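Fair warning: this is a prediction, and the values are worked out from it, not measured in the lab. Each ligand, and each atom within it, is numbered from 1 in the order the structure gives.
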Amino acid sequence: MRDATEDWFARRTWAHPDWTPEALTAAKRGRSVSVVLPALDEEATVGGVVAAVRPLLGTLVDELVVVDSGSTDATAERARAAGARVVPRDAVLPEVPVRPGKGEVLWRSLAATSGDLVVFLDSDLVDLGPDFVTHLLGPLLTVAGVALVKGFYHRPLRTSDHDAALTGGGRVTELTARPALAALRPELAGVVQPLGGEYAATRELLESLPFAAGYGVEIGLLLDTHRERGLDAIAQVDLGVRKHRHRSLRALGATAAEVLDAVLRRCVPGHPGSDPLTQFVPVDGDWLPDEQAVATTDRPPLASVTTRRATGT
Ligand SMILES: O=c1ccn([C@@H]2O[C@H](COP(=O)(O)OP(=O)(O)O)[C@@H](O)[C@H]2O)c(=O)[nH]1
Ligand SMILES: O=C(O)[C@@H](COP(=O)(O)O)O[C@H]1O[C@H](CO)[C@@H](O)[C@H](O)[C@H]1O
């Protein structure tokens with residue numbers, strides 16, 4: 001790592017966070033907290049994630065919202081039964097036609113919530129405790145100048161014979177995001193989990209930034225926060241172990257393409273946006289091309305949208 005990044009790492013990394021909900025509730029000093037779970041067909045796990053956060057609701061957490069990304073299973077019912085408010089993505093900013101993708105629901109979640117601080121958790125997590133939320137909020141509530149807090153963790157690749165291992169997960173992180181940052185934004189080389197879906201930020205920051213529509217949303221927010229606010233606005237906390245549902249290598253190919261495109265659009269002037277990703281599947285002895293769409297657009301900063309709505313411009 002470069003010297004400046006090493007200095008940042010020493011200053012802005014909490015390897016053994018020990019904040020308590022009680023201490024952080026006292027530190028809120030009038031600031032409110034929204035926890036947002038983006039969810040697409042997560043009926044199996046969303047209830048457990050909501051249940052993990054529920055003990056904080058009414059003290060450290062002021063609202064707990066699942067933004068449904070067009071689920072066709074029982075995600076909404078399970079989330080509601082566990083105690084979350086559920087908002088369908090098309091119920092937010094209804095005048096703006098919905099686009100697919102994770103970034104889209106995170107962008108819309110800002111218009112569906114009101115907390116001064118916003119915590120994002122994936123809905124496919126398993127075995128997480130309330131500490132994820134508490135520790136993500138720690139630097140935001142107690143350290144001046146911090147606007148974005150990323151979680152980091154061991155990332156086991158949970159297959160039948162790997163459960164005991166603590167590694168193997170974060171495949172797009174290790175094979176796409178980290179190498180891309182090394183090549184194009186080495187100042188961010190100290191961020192342990194640049195793609196992690198568990199992070200917290202001030203609403204003021206989030207509403208000032210564009211949101212990459214698909215899976216490029218995390219790397220886009222990280223790069224844009226660094227560009228707009230500098231490295232010291234970013235912090236990271238150790239959350240222990242993160243277990244979640246893993247998608248196939250083929251699905252992660254399209255994810256990697258969206259991550260790379262979000263990096264290139266921010267770091268390479270004139271980058272035209274990726275073509276669809278052509279993958280190949282074996283069919284009756286032949287390898288046939290199979291195109292995957294790659295989200296290459298950003299939603300504009302929400303603040304600019306709500307200003308236009310308010311002024312009718
Ligand atoms: O179009 C989408 C894609 C994903 N997600 C949610 O975003 C989180 C992370 O997605 P996923 O688990 O697919 O990403 P991975 O961790 O596998 O990269 C999960 O809660 C998904 O339900 C979503 O709400 N809308
Ligand atoms: O970090 C990664 O490499 C990918 C895939 O993780 P696994 O290899 O399935 O553990 O998961 C992350 O990437 C997505 C794109 O940024 C985020 O949206 C997810 O929240 C995060 O889990």
Side-chain angles (χ1 to χ4, degrees), residues 35-50 65-73 75-76 78-79 84 86-90 92 98-109 112 119-126 128 132 136 150-159 162-163 165-181 191-199 211-223 239 241-263 292-295 299:
V35 175
V36 170
L37 279 60
L40 175 59
D41 294 334
E42 302 291 10
E43 64 179 9
T45 51
V46 68
V49 181
V50 169
V65 180
V66 170
V67 184
D68 191 334
S69 193
S71 299
T72 56
D73 65 2
T75 294
R78 298 282 170 82
V86 179
V87 178
R89 62 182 174 178
D90 50 11
V92 198
V98 168
R99 290 176 186 160
K102 183 184 181 185
E104 177 77 1
V105 283
L106 294 186
W107 182 71
R108 287 176 187 261
S109 77
V119 183
F120 292 124
L121 300 175
D122 282 358
S123 303
D124 67 335
L125 298 176
V126 292
L128 83 155
F132 271 45
L136 286 169
K150 294 288 292 184
F152 64 92
Y153 14 58
H154 292 282
R155 296 193 64 175
L157 184 63
R158 294 170 56 241
T159 56
H162 275 268
D163 264 359
L166 280 178
T167 61
R171 290 161 289 171
V172 180
T173 298
E174 302 306 333
L175 296 174
T176 301
R178 216 182 296 288
L181 291 177
V191 178
V192 180
Q193 285 295 337
L195 298 189
E198 288 65 51
Y199 49 107
F211 273 54
Y215 283 108
V217 58
E218 278 83 22
I219 198 80
L221 289 172
L222 182 65
L223 287 163
L239 299 178
V241 180
R242 183 208 200 217
K243 296 180 182 177
H244 72 124
R245 180 223 43 243
H246 300 290
R247 291 181 293 140
S248 67
L249 199 57
R250 276 175 52 75
L252 294 188
T255 294
E258 293 184 346
V259 168
L260 181 59
D261 194 71
V263 173
Q292 305 290 333
V294 176
R299 283 296 191 188

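What sits closest to atom 15 (C) of ligand 2 on the protein, heavy atoms only, is Tyr215 O, 3.4 Å.
Counting heavy atoms under 4.0 Å from ligand 2, residue Asp122 touches it through the side chain alone. Using a 4.0 Å cut-off between heavy atoms, Arg171 contacts ligand 2 through both its backbone and its side chain. With a 4.0 Å heavy-atom cut-off, ligand 2 is reached by the side chain of Arg242 but not by its N, CA, C or O.
Put simply, the side chain of Val65 does not reach to within 4.5 Å of the side chain of Ser109, judged on heavy atoms. Inter-residue side-chain proximity for Thr176 and Leu195 is flagged as unmet; no heavy-atom pair is nearer than 4.5 Å. Within the 4.5 Å cutoff, side-chain heavy atoms of Leu223 are placed close to those of Leu181. Put simply, the side chain of Leu260 does not reach to within 4.5 Å of the side chain of Val294, judged on heavy atoms. Taking 4.5 Å as the limit, every side-chain heavy atom of Leu125 sits out of range of all side-chain heavy atoms of Thr45. Looking at heavy atoms from C-beta onward, Tyr199 lies in side-chain contact with Leu221 at the 4.5 angstrom threshold. Using a 4.5 Å heavy-atom threshold, the side chains of Lys150 and Pro194 count as separate.
The neighbour count for His246 NE2, taken as heavy atoms of other residues, nucleotides or ligands under 6.0 Å away, is above 12.
A donor-acceptor contact closer than 3.5 angstrom links the side chains of Arg247 and Thr255.
Across Arg155, Glu218, Glu174, heavy-atom proximity to atom 5 (C) of ligand 2 is greatest for Arg155. Evaluated by nearest non-hydrogen atom to atom 14 (C) of ligand 2, the leading choice among Thr173, Thr176, Leu195 is Leu195.
Salt bridge status for Lys102 with Glu218: present, with a side-chain N to carboxylate O gap under 4.0 Å. Between Arg242 and Glu198 there is a salt bridge, since a side-chain N of the basic residue sits under 4.0 Å from a carboxylate O of the acidic one.
An N or O contact shorter than 3.5 Å is missing between Gln193 and ligand 2 by distance. Below 3.5 Å of separation, one finds no N or O of Arg245 facing any N or O of ligand 2. In terms of polar-atom proximity, defined here as any N/O pair under 3.5 Å, Val172 does make such a contact with ligand 2. At least one N or O atom of Gly170, backbone or side chain, sits closer than 3.5 Å to an N or O atom of ligand 2. Checking only distances, Arg247 never comes within under 3.5 Å of ligand 2, N or O to N or O.
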I'd like the atom pairs linking ligand 1 to the protein - N or O on both sides, separation under 3.5 Å - with distances to 0.1 Å.
residue	atom	partner	partner atom	Å
ligand 1	1 (O)	Lys102	N	3.4
ligand 1	12 (O)	Asp124	OD2	3.0
ligand 1	12 (O)	Arg245	NH2	2.7
ligand 1	13 (O)	Tyr215	OH	2.7
ligand 1	13 (O)	Arg245	NH2	3.4
ligand 1	13 (O)	Arg247	NE	3.1
ligand 1	16 (O)	His244	ND1	3.3
ligand 1	17 (O)	Arg247	NE	2.8
ligand 1	18 (O)	Arg247	NH2	3.0
ligand 1	20 (O)	Pro38	O	2.8
ligand 1	20 (O)	Ser123	N	2.8
ligand 1	22 (O)	Leu40	N	2.8
ligand 1	22 (O)	Glu42	OE2	2.6
ligand 1	24 (O)	Ala39	N	3.2
ligand 1	25 (N)	Ser69	OG	2.8

Would you check, one step at a time, whether the test side chain to side chain contact (heavy atoms under 4.5 Å, CB included) holds for Glu42 with Val49? CA-CA 10 Å; Glu42 302 291 10; Val49 181; over 6 Å; no
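Every atom of ligand 2 is numbered from 1 in the order shown, and the set under 4.0 Å from a heavy atom of Gly169 is 8 (O), 10 (O). Under a 4.0 Å criterion applied to the non-hydrogen atoms of His244, ligand 2 contributes the atoms 6 (O), 7 (P), 9 (O), 10 (O), 22 (O). Within ligand 2, counting atoms from 1 as listed, the ones closer than 4.0 Å to a heavy atom of Gly197 are 20 (O).
Every side chain to side chain contact (heavy atoms under 4.5 Å, CB included) that Arg78 has, sequence neighbours left out, goes to Glu43, Val46, Ala74.
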